[in-house]
Every structure is written in structure tokens, then in C-alpha cells.
Amino acid sequence: MKRTKIKHALNAQEPMAEIHVGGWVRTKRDNKGFSFVEINDGSCLSNIQVVIDHTPEIVETIANVGTGASVAIDGELVESPGKGQKWEIRGTSIKLLGGADQETFPLQKKRHSDEFLRGIAHLRPRTNKYGAIFRMRSELAQAIHKFFAEKDFFYIHTPIITGSDCEGAGEMFRVTSLEHGSQKPVEEDFFGKPSSLTVSGQLSAEMFALSLGDVYTFGPTFRAENSNTPRHVAEFWMVEPEIAFADLADDMDLGEEMIKYLITHMLDHSAEDIELFAKFVDKSLMGTLENILNNPFERLPYTEAIRLLKKTKKKFEYPVEWGMDLQTEHERFLCEEKFKKPVYVYDYPKTIKPFYMRMNDDNETVAAMDCLVPRIGELIGGSQREERMDVLLSRMDTLGLDKEEYWWYLDSRRYGSAPHAGFGMGFERMLMLVSGITNIRDVMPFPRTPKSLEF
RNA sequence: UCCCCGAUAGCUCAAUGGUAGAGCGAGCGGCUGUUAACCGCUAGGUUGUAGGUUCGAGUCCUACUCGGGGAGCCA
């Protein structure tokens with residue numbers, strides 16, 4: 001008989017004379033003459049309760065069924081006479097597929113700390129909270145594709161291995177096929193030149209925006225920074241749309257629309273899982289999400305942001321001066337205290353931004369934008385790209401970049417250049433936003449951080 | 001990488017420099033259409049690692065490892 005997923009059993013409209021389910025035992029309660037076994041198969045947050053009468057055979061099986069064991073159940077789906085659930089399974093047979101030794105199985109019928117569960121990342125998806133976040137992770141990824149598909153964007157698979165060692169977005173992991181400690185020259189390495197893991201698909205995506213119009217990449221991204229914070233990992237996923245014939249305002253419009261779309265989608269499609277987080281992880285979660293949906297994002301020029309920060313009575317550890325980058329304390333003040341909603345800060349000084357960002361008419365600022373979100377910090381970073389060849393070349397000269405390395409990038413400005421813009425959104429940070437989870441390591445199946453590569 | 005805090009039973013945590021405990025979990029028994037089940041009993045420890053001080057160190061000192069928070073870097 002075919003397996004019915006528990007999610008579907010619990011959503012049944014009418015009883016089922018025959019049903020077969022498989023899953024992992026969350027808890028078992030023995031009674032005189034029968035037992036209750038609660039099963040979860042990961043298809044949804046809820047367990048299904050199985051009531052099974054004792055026969056000599058079943059008593060023997062049940063004796064070895066504990067929390068964590070996997071079982072296959074046959075029976076009938078009936079309305080539950082008890083409180084707490086609409087449906088339950090009246091079991092006729094239970095088969096123990098994989099036992100779990102109660103003396104050593106680390107997941108107990110109680111709440112565990114996130115720190116402890118990180119140490120058993122291979123088992124934590126069997127808990128309510130982590131099952132929920134990984135279902136949500138899947139749902140959010142699907143929503144991203146849906147959003148862009150509905151807007152006629154094309155999904156581009158940009159390379160993971162890159163040859164440009166100067167993208168400027170942070171330290172890169174080197175890729176080599178040479179043996180560890182090899183003294184061989186780089187010419188003898190696989191690619192014959194230095195190669196690394198990508199820190200951004202942007203430069204590649206630009207080529208496709210200037211061909212297919214509106215495109216996006218969505219894939220793994222790597223930073224070898226020795227960052228030890230709840231918001232950074234060495235390997236993460238980034239969404240990077242790139243739009244042609246568009247300026248910075250279009251870019252900000254797109255980002256705002258996307259964030260609101262994704263939140264709406266998650267509220268509609270992951271309601272039960274989100275509710276868990278709203279109840280046990282972040283009591284203000286629903287209010288936060290509704291606040292984001294119901295208000296236009298603030299759009300604040302950098303120069304204006306500096307003026308606001310200088311004017312406020314609040315004392316900052318770092319002094320505020322035009323020309324400096326905003327510190328975390330400044331960003332938090334702007335989005336959490338001053339505006340209490342997402343804030344775009346845009347038109348940053350050219351001196352603190354990379355070469356590809358478009359020079360503004362003042363010749364001092366570039367068309368860059370960061371989207372700051374309460375609790376998360378920087379969720380989106382983007383810019384209008386410099387499409388004017390002469391300006392781009394002079395910027396590269398100023399910053400001392402090797403133009404030979406970028407010959408193909410420059411070709412896009414040499415032939416049929418057009419205004420375009422784009423941004424990057426940290427996928428995991430978005431997941432943190434919609435779940436209320438405060439440590440990025442807890443929204444990733446097997447997070448990679450400095451000195452941590454178990455699993 | 002810098003600053004602060006922490007590491008004791010399977011988990012969460014107690015323990016004036018003087019015999020290492022509790023709750024939960026687990027095992028056993030009992031009770032009950034139960035549902036964070038309930039009641040009773042039992043087992044469970046080289047106190048993160050390596051040194052040092054001391055008659056005596058879970059406790060004080062040093063180094064290291066790992067974890068957490070903050071900062072920097074950023075998504």
C-alpha cells in the first residue's frame with residue numbers, strides 16, 4: 001500500500017478505511033491494553049497520533065519503539081475522540097524499521113538549546129523547530145523563483161569557480177587541484193591561473209542582463225573572511241537580480257517589491273511553521289512582518305543620513321562624519337529607532353564603494369544602495385552599474401585595477417552598453433527575517449564557519 | 001582578527017579552597033483515551049585539555065581548545 005504523508009492525512013476531509021504511514025516516533029505513551037504513538041514524517045510540523053491495541057506481537061514490537069525510532073504503520077484514519085487533534089490513526093500493525101537506543105539517542109522529549117543542537121546538526125532537522133525552518137527554507141527558495149518567473153526574469157547559472165581574483169568583495173577561497181603543499185607553479189594547476197570560489201555572480205550576471213534584459217542568479221557564494229558573528233558564514237546563498245535599462249530607483253523598487261512578495265508568500269504558504277516561530281522564538285514576529293508589508297520603505301540619501309545621525313542626541317561609539325561608512329550602531333539607529341521600518345540608504349561616497357558603481361553628477365557619490373532592516377541589518381546591497389566606458393576606465397585607474405583582467409567585462413561597455421542596475425540579497429538573512437531566528441547558523445542545514453567543518 | 005563571558009551527569013544548571021547535587025531525560029515498576037501525561041524506585045561524573053599554586057583545586061593562576069555575545073568585514 002502506498003504511503004500517505006502525514007500532512008495529507010491531517011488535512012483529510014473524511015475518514016479512510018485504509019492508510020499506511022511512515023515516520024519517526026516523537027513520543028509513546030503505553031496504556032493498559034493499548035498504546036499511543038505520535039509519529040512525525042517531516043511533511044509538516046504536526047504529528048499524527050496512532051492508537052494501537054495490544055496483541056502479543058504488537059507488545060513485543062512496541063517495547064522497542066522509543067523516541068527517534070522509525071516505524072511503518074498500517075491502520076485506518078478515524079476522527080479522534082480525544083481532545084487536541086481532529087484525526088488519528090487506529091493502527092492495526094506497527095513495524096519497527098529502525099530502532100533508536102534511548103540510552104544514547106541525543107534528542108529527548110524536551111526542549112534543547114540551539115547551541116547543543118548545532119553540535120548534532122545531522123539530527124536537528126528531526127526537531128519541531130529545525131524541521132520547520134528547513135521546510136521554510138525550501139519554500140522561500142521556491143518563492144524567489146516564482147517571483148522572478150512572474151516578472152519574466154531569466155535564471156542564470158553563473159560559475160562557482162572564478163578566475164578573477166580581484167572582485168573586491170572580500171577574501172576568497174582558493175581552488176586548486178595541486179596536492180597540499182605543492183611547490184608547482186600556478187601554470188601547472190588545473191586552470192593554469194589562480195582560481196577561487198565566487199564571492200558574487202554579479203559581473204557575470206551583468207553580461208546576461210545586457211543580453212536577456214532582466215536576469216537573476218541564485219546560488220552558493222563564498223567568503224573566506226574570518227567573521228565570527230551570528231550573521232556571517234563562509235558559504236551562503238545569494239540572490240542577485242540584474243536589470244537592464246534601469247536606474248537606482250528601479251533597483252530599489254525591485255528590492256522592496258521582492259521583499260514584500262516573499263514575506264506575503266511565506267505567510268500564505270508556511271503558515272503553520274511560521275506560527276511556531278511567532279509563538280516560541282520571536283513573539284513580535286508577526287508585527288514585524290506586517291509592519292514591513294504595510295509601509296513603504298524609507299529612502300534616505302547617505303548625505304541626509306549623516307545629517308540625521310549628527311543631529312540626534314543619541315551618543316555613538318563611532319563619530320559620524322561625511323565620508324565614513326555607516327557602522328552597525330548607525331544602521332540600527334536608522335531602521336530600528338528613527339524610522340522603525342526598512343530603510344534604503346543610497347548615494348554613498350565613491351571612496352567607500354567599488355569601481356563598478358555608477359558615478360553621480362556630483363562626482364563625489366555613486367549610485368549605491370543598502371537596504372537596512374530592523375534586527376537583520378543589511379539585507380540587500382546594490383547599485384546602478386557604471387555603463388559609461390570612459391568613466392569606468394578612469395575609476396579602475398584610480399583604484400589601481402588591472403584592466404586586462406576585465407577585458408570581457410569592459411567589452412559590455414564597449415559594445416552596446418546600456419544603463420543597468422542590480423543587487424544582492426542574502427538568502428539566509430531573509431530566512432532570519434521571516435522566522436525570527438537570530439543566528440544564521442540555525443537557518444542552514446550544515447553551516448560553514450571559521451574552524452567549523454563537521455558534517 | 002579584537003573585546004567580554006562561559007565549559008560540572010545524556011540535556012539545562014547548582015556547589016565559602018575541604019565527601020560533586022537538583023530538575024529534566026533514560027531504565028524498571030505502577031496508574032490512566034493519553035497528548036510537555038502522571039506517581040514511585042534505580043543507575044549515571046577522570047568537573048573541556050595541559051601545566052602551575054596549595055596539606056588539599058570544580059573553585060585560584062597560566063596557556064590552549066571549543067562554544068556564546070559584542071565589534072570589524074559584509075549578504
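First the proteins, then the strands, lettered A, B, ... as listed; each starts at 1. Below, all heavy atoms of this structure are taken into account, side chains as well, without hydrogens, waters or symmetry copies.
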Note to self: Closest approach to the side chain of Val233(A), judged atom by atom: which nucleotide of G68(B), A75(B), U34(B) is it?
What the structure shows: A75(B)

Item checked: Polar side-chain contact Asn31(A)-U34(B) base: donor and acceptor under 3.5 Å -> no

Checklist line | Side chain to side chain, Phe153(A) and Leu254(A), heavy atoms closer than 4.5 Å | finding: yes

Notebook entry, point to check: Base, sugar-phosphate, or nothing: which does Lys32(A) touch, judged by heavy atoms less than 4.0 Å apart?
Noted result: base

Margin query: Under a 3.5 Å cut-off for both contacts, is U62(B) paired Watson-Crick or G-U wobble with anything, and if yes, with which nucleotide?
Written below: A50(B)

Item checked: First encountered from the 5' end of RNA chain B, between Gly82(A) and Phe236(A) -> Gly82(A)

Margin query: As a test of reading the structure: which of C73(B), U1(B), G33(B) is closest to the side chain of Asn226(A), going by heavy atoms?
Written below: U1(B)

Check: If the P atom of G25(B) is compared with that of G48(B), how far apart are they to the nearest Å?
Finding: 26 Å

Checklist line | Side-chain donor/acceptor of Arg429(A) to backbone N/O of Glu378(A), under 3.5 Å | finding: yes

Check: Quantified in whole Å, what is the P atom distance between nucleotide C11(B) and nucleotide G70(B)?
Finding: 25 Å

Next item on the list: Using only side-chain N and O atoms of Arg118(A), determine if any of them is under 4.0 Å from OP1 or OP2 of G68(B).
Entry: yes

Next item on the list: Tell me yes or no: between the side chains of Tyr346(A) and Asp251(A), is some donor less than 3.5 Å from an acceptor?
Entry: no

Note to self: I'd like to know if Arg429(A) reaches the base of C74(B) with its side chain, counting only an N/O donor and acceptor under 3.5 Å.
What the structure shows: yes

Next item on the list: Would you please confirm or rule out a distance under 4.0 Å between OP1 or OP2 of G69(B) and any side-chain N or O of Asn439(A)?
Entry: yes

Notebook entry, point to check: To the side chain of Gln102(A), which of U35(B), C73(B), G27(B) is closest?
Noted result: G27(B)

Item checked: Nucleotide G68(B), atom P - distance to CZ of Arg441(A) in whole Å -> 5 Å

Note to self: Does Val239(A) reach a base, just sugar-phosphate, or nothing at all? Heavy atoms under 4.0 Å.
What the structure shows: nothing

Item checked: Counter-base of G40(B), judged by Watson-Crick or G-U geometry with both distances under 3.5 Å -> C28(B)

Next item on the list: Look at Glu150(A) together with Lys146(A) and state whether they make a salt bridge at an N to O cut-off of under 4.0 Å.
Entry: yes

Item checked: For RNA chain B, the residues among residues 15-27 of chain A that have a non-hydrogen atom under 4.0 Å from it -> Thr27(A)

Next item on the list: Give Phe222(A) one of three labels, base, sugar-phosphate or nothing, depending on what nucleic acid heavy atoms sit under 4.0 Å from its own.
Entry: nothing

Notebook entry, point to check: What nucleotide among U34(B), U32(B), A71(B) has an atom nearest to a side-chain atom of Thr328(A)?
Noted result: A71(B)

Notebook entry, point to check: C1' atom, U62(B) versus C73(B): distance in rounded Å?
Noted result: 32 Å

Notebook entry, point to check: Taking atom types as modelled and ignoring hydrogens, do the side chains of Glu139(A) and Ser270(A) form a donor-acceptor contact shorter than 3.5 angstrom?
Noted result: no

Notebook entry, point to check: Are any of Lys109(A)'s side-chain N or O atoms less than 4.0 Å away from OP1 or OP2 of A37(B)?
Noted result: yes

Item checked: Length of the line joining Lys28(A):NZ and A26(B):C1', which is rounded to integer Å -> 13 Å

Note to self: Heavy-atom nearest nucleotide on RNA chain B for Thr67(A) versus Glu38(A): which residue maps closer to 5'?
What the structure shows: Thr67(A)

Notebook entry, point to check: Considering the options Lys7(A), Lys5(A), Arg3(A), which one meets the salt bridge (charged side-chain N to carboxylate O under 4.0 Å, His left out) requirement together with Asp41(A)?
Noted result: Arg3(A)

Checklist line | Phe218(A): which of Phe154(A), Phe427(A), Tyr155(A), Phe236(A) passes ring pair (Phe, Tyr, Trp, His ring centres under 6.0 Å) | finding: Phe427(A)

Next item on the list: Could you check which nucleotide pairs with C73(B) in any of the strands shown, counting Watson-Crick or G-U wobble with both distances under 3.5 Å?
Entry: none

Check: Any donor-acceptor pair under 3.5 Å joining the side chain of Ser227(A) to the base of C73(B)?
Finding: yes

Next item on the list: Find the distance Ile440(A):CD1 to G69(B):C1' and express it as a whole number of Å.
Entry: 16 Å

Item checked: Glu225(A) side-chain proximity, nearest of C31(B), A75(B), C73(B) -> C73(B)

Notebook entry, point to check: What is the pairing partner of G23(B), taking Watson-Crick or G-U wobble pairs with both distances under 3.5 Å in any strand?
Noted result: C11(B)

Check: Any idea how His265(A) and Tyr261(A) line up, ring-wise: parallel (<30°), tilted (30 to 60°), or perpendicular (>60°)?
Finding: parallel

Checklist line | Whole-angstrom distance between C5(B) and A63(B), as gauged at atom P | finding: 13 Å

Polar-atom pairs under 3.5 Å, protein N or O versus N or O of nucleotides 10-13 of chain B: list them with distances, or write none.
unit_1 : atom_1 : unit_2    : atom_2 : d
G10(B) : N2     : Gln108(A) : OE1    : 2.9
G10(B) : N2     : Gln108(A) : NE2    : 3.4
G10(B) : N3     : Gln108(A) : NE2    : 2.9
C11(B) : O2     : Lys110(A) : NZ     : 2.6
U12(B) : OP1    : Ser113(A) : OG     : 2.9

Notebook entry, point to check: So, Thr365(A) and Asn360(A): side-chain donor and acceptor under 3.5 Å apart, yes or no?
Noted result: yes

Notebook entry, point to check: Could a donor-acceptor pair under 3.5 angstrom be found where the side chain of Arg231(A) meets the base of G72(B)?
Noted result: no

Margin query: In whole Å, measure the gap between the C1' atoms of U54(B) and A14(B) for me.
Written below: 25 Å

Check: Between the base of U1(B) and the side chain of Asn228(A), is there a donor-acceptor distance below 3.5 Å?
Finding: yes

Note to self: Both distances below 3.5 Å, Watson-Crick or wobble geometry, any strand: find the nucleotide opposite G33(B).
What the structure shows: none

Note to self: Between U46(B) and U42(B), how many Å separate the two C1' atoms, rounded to a whole number?
What the structure shows: 24 Å

Next item on the list: Measure from the side chain of Glu378(A), starting at C-beta and using heavy atoms only, and say which of C74(B), U32(B), G33(B) lies closest.
Entry: C74(B)

Check: So, is Thr229(A) close to the G69(B) phosphate, meaning a side-chain N or O under 4.0 Å from OP1 or OP2?
Finding: no

Check: If the C1' atom of C31(B) is compared with that of A43(B), how far apart are they to the nearest Å?
Finding: 23 Å

Notebook entry, point to check: Are Thr303(A) and Trp322(A) close enough that a side-chain donor and a side-chain acceptor fall under 3.5 Å?
Noted result: yes

Next item on the list: Look at all strands and tell whether Glu235(A) reaches a base, only sugar-phosphate, or nothing, counting heavy atoms closer than 4.0 Å.
Entry: nothing

Next item on the list: Determine the Euclidean distance between corresponding C1' atoms of G23(B) and C2(B); express it in Å to zero decimal places.
Entry: 39 Å

Check: Ignoring hydrogens and geometry, is there a side-chain-to-backbone donor-acceptor pair from Arg395(A) to Lys350(A) under 3.5 Å?
Finding: yes

Check: Within the structure shown, what part of the strands sits under 4.0 Å from Met238(A) by heavy-atom distance: base, sugar-phosphate, or nothing?
Finding: sugar-phosphate

Note to self: Would you say that Glu242(A) contacts Phe423(A) through its side chain, given a criterion of any heavy-atom pair below 4.5 Å between the two side chains?
What the structure shows: no

Next item on the list: Calculate the interatomic distance between Met324(A) atom CE and C73(B) atom P; express it in whole Å.
Entry: 11 Å

Notebook entry, point to check: Without hydrogens or angle criteria, can the side chains of Glu240(A) and Ser200(A) be said to hold a donor-acceptor pair below 3.5 Å?
Noted result: yes

Check: Choosing from U35(B), A71(B), C66(B), which nucleotide comes nearest the side chain of Gln85(A)?
Finding: U35(B)

